[in-house]
Amino acid sequence: MASTPEFQHTVGKIASLSGTALHTGDKVTLKLHPAPVDHGIKFKRKDLQDEPTIDAKIENLKTVERATTIGEGSVRVHTVEHILSALSAMGVDNAIVEMDANEPPIGDGSAQSYVDLVKKAGVTPQEAARKFFDVREPMHVEGKTGALLVLLPDDKFRISCTQAGPNNRFTQFLSMEVTPALFEREIAPARTFVYYEDVKPLMDKNLIKGGSLENAIVVRGDAVLSKEPLRFGDEFVRHKILDIIGDLALVGRRIRGHIVAVKPGHATNADLARSIVREQTRRSALAAPRTIPSGDGGLDADQVMQILPHRFPFLMVDRIISFETETKCIGVKTVTINEPFFQGHFPGHPVMPGVMQVEAMAQVASILLFKLSKTTSRIGYFMSADGVKFRKPVLPGDTIFVHAELTKSRGERLAKAKCHCVVNDAIVSEAELMFTFLDK
Ligand SMILES: [Zn+2]
């Protein structure tokens, strides 16, 4: 498979754009800022206290009704798919999208204004390799309403899409490779289209205050209503491709593969993004070292105990085998039949309790935190665990590789970590943990 090294890119300078938010009808100003390597795309709510940011990641997906909404905590950003589509297709890997509202300006319902914005800001290479997801085997997702997305191996990013309206009216097909030049010319100008029967109730409830024939094409029966004539005979399928690119940007990696889509929508696009991220996590787990190195690059049991206050029977890390970066490491826990919890869990059928795996993840994550803050005078307290999944039983004799990655640390008081445990090349458990720090 062709894999020419490609560099990550960000925007060359700050550029801004003003317009109307679709749902509230408010005026909104959006500013595109450069961002460092491996930053990804983040949205920043300049209008809120503390100016919170939200990662454009599938884990932060909140709703997919008509548009794609992401959020963290109580903070939301709506209708992110068109700007994400433009950023991704025009080759921007890292940027901050700062806004003074909960939604980007809708423009004319296409991605045209965002492409113009990216071109105004410029796209510049950075000194790190781009991250790709190479499709190795066919993957597919299906929706309840006949939507189907198939992802096939390809050395380019291609999309072949079939769109069909009610009673198969407006059935259109287009197949293309996604490149910046083709996106700008063939996809970006394609506008949002809606069916009259879908938007009528919303207009009646005043839920799309900024909506008008200036930013959407309305289909009523066989009639097509819009301010200006159709820009392409097959404008609808082109907009579907625009949305697929935007929703799949939530994967956070560039896809090398061919997407074959039939009647796609935001929900199935999001399902495919989730499957890709799951597959990527599985692959990363497989890439974990099988042998346990000692010495440089990790921490032995003594060093672990200098950092962690935990002792038998609660020390759940034997050794840290490697620090990949400052925010990522892998610890090891060898599970023996002599573990005290096996006496009661369960007699004659020893299975390691899931909570002990979560404890192991928490301990490995706190080693990262202490390394980062360079102090052991404080102790991390576990506040919450989200997305906890126990996938396979852990048995006596297993060696658990505990992966931890700090995803957020706010000041020196709060931190979040994504963790998973691997045994024999399979993920046995995973969780997202939140900590707070208190002085000992
Ligand atoms: Zn759209």
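All ligand and atom numbering here is 1-based and tracks the order in the structure. In this text the structure is predicted, and so the values were computed from the model without any measurement.
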Arg253 to Phe133 six-membered ring, cation-pi geometry met (6.0 Å, 45°): no
Parallel, tilted or perpendicular: rings of His82 and His239 (30°, 60°): perpendicular
Ring pair (Phe, Tyr, Trp, His ring centres under 6.0 Å) against Phe170, all qualifying residues, sequence neighbours excluded: Phe236
Salt bridge (Lys or Arg N to Asp or Glu O under 4.0 Å) partners of Arg278, counting only residues at least two apart: none
Atoms named by residue and atom, protein N, O or S, within reach of the Zn ion (ligand 1) (under 2.8 Å): His82 NE2, His239 NE2, Asp243 OD1, Asp243 OD2
Residue pairs fulfilling salt bridge (Lys or Arg N to Asp or Glu O under 4.0 Å) with at least one residue in residues 90-115, sequence neighbours excluded: Asp93-Arg130, Asp93-Arg254, Asp108-Arg231
Result of checking Gln357, Met361, Met352 against Met316 for side chain to side chain contact (heavy atoms under 4.5 Å, CB included): Met352
